[in-house]
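Okay, structure first, notes after.
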There are 2 protein chains.
Amino acid sequence: MTDSEKVRSPRAKAGGKRRLLTAAAARVLHEQGVERTTIADIARAAGVPAGNVYYYFKTKDELVEAALAEHAGHLRELTDELDRLPDPRDRLKGLVGAWVSRRDTAARYGCPTGTLAAELDKRDDGGLDLAAGQVVRLLLDWVAGQYRELGDADPEGRALTLVGAYQGMSLLSNALRDPQIMAREGARLIRELDGGPGMT
Amino acid sequence: MTDSEKVRSPRAKAGGKRRLLTAAAARVLHEQGVERTTIADIARAAGVPAGNVYYYFKTKDELVEAALAEHAGHLRELTDELDRLPDPRDRLKGLVGAWVSRRDTAARYGCPTGTLAAELDKRDDGGLDLAAGQVVRLLLDWVAGQYRELGDADPEGRALTLVGAYQGMSLLSNALRDPQIMAREGARLIRELDGGPGMT
DNA sequence: GTCTATAGGAAGATAGAC
DNA sequence: GTCTATCTTCCTATAGAC
């Protein structure tokens, strides 16, 4: 099948390096932000020569898009894992637990998706800002689904409150460089999920 | 007093343009973000020739610092206003009301202090990242003071939750470009402040 | 004090050798 | 497919005329 080899797109062909670059982009863009990160930074982190990057990604924006998709993938992995739990309430508690377990990263660099969305929303150019919103939507929809299963009267509203609380505690924890904030607020969220008042 | 005129620092002397530049910086940096904003952008917004900026601010970072101080000033004006209300609960409700009233700006550009803090926290260079945290602290402390007056058992914790909710709803509203989120979550916060459950 | 012109440097993107 | 060298553009900051 040497012929089909030739037909493969570069995307599929160079799986190794492309995936390496995507993973590096996701990490470095989260740590340094989009604007302060150069193509060279990402190439170095991936162990790939700087100029070579353009064989896999035509522009820097394409790298950002790939990083965004990578974060969406991580989120998907987590929710797939949680979906194995029989009780929706346990799933939500598991989600909060996952957030708290990443408190040190959050305190240093914020929520990957949240900070990326905030930065991309400052640009009016083509569509990337909305792509960040899509990833946030993914999380909101999954959370709303759990509340719906629980028979809550306003699942979308609940989801906004829970995800909002997460984004807020991530930002505060980051601004004040204090992981404890994640632990403290996370504990409060768990308590509320554990049949606290206001829970239908 | 022509002698004292000569003694004034440039900072005091050129009050007009410096203040113009500071106000423009606060606005433009919020809308475009720090990294995407050029000195020329700020100069244009202030109606001042680009090269002239460096007479008032030695570096771009000094402009960012001034913008941060401007936001802190706005916050101070708001809390001073609210402090005139006799009931701490009304003060907190007034704060939430102020947030909601700025929902359109939040949906387009996020919370000025929050987005600035998130962006500055991506840099390890000199101290500006911590300055953003200071402004957030200001707000947290004022809110905690109100809860303390109300006799709450955990004023700092309450403050983290309330300010966190604000930062979270600002970010979500921004990411999804939906001002309604601010209105919806704001109404919830008011409801909770109005003697909802969980309020000591 | 005010402004213009420009130095100096960095980063995205491309051309083309291998 | 892989990598080097470089082109182009843009931005911060400065030098110096007025």
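Fair warning: this is a prediction, and the values are worked out from it, not measured in the lab. Every chain is numbered from 1, with letters handed out A, B, ... down the list of sequences.
Look at A:D129 and B:R177 and you find a salt bridge, because one of the NZ, NE, NH1 or NH2 atoms lies within 4.0 Å of a carboxylate O, short of that distance. Remark: A:D154 engages B:R184 in a salt bridge, criterion side-chain N to carboxylate O under 4.0 Å. In this structure, B:R36 does not pair ionically with B:D41, as no charged nitrogen and carboxylate oxygen lie closer than 4.0 Å. Salt-bridge check for B:R76 with B:D80: passed, with a basic side-chain N closer than 4.0 Å to an acidic carboxylate O.
Atom CG of B:L21 and atom C1' of C:dT2 are 13 Å apart (whole Å). Rounded to a whole Å, the CZ atom of B:R18 is 13 Å from the P atom of C:dT2. The interatomic distance linking B:Y56 (OH) with D:dA13 (P) rounds to 18 Å, in whole Å.
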At under 4.0 Å between heavy atoms, how does the protein contact nucleotides 4-18 of chain C? Give one character per nucleotide, 5' to 3', with B, S or -.
B------SSBB----
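Using cut-offs of 30° and 60° on the angle between ring planes, the pair B:Y166 and B:W99 is parallel.
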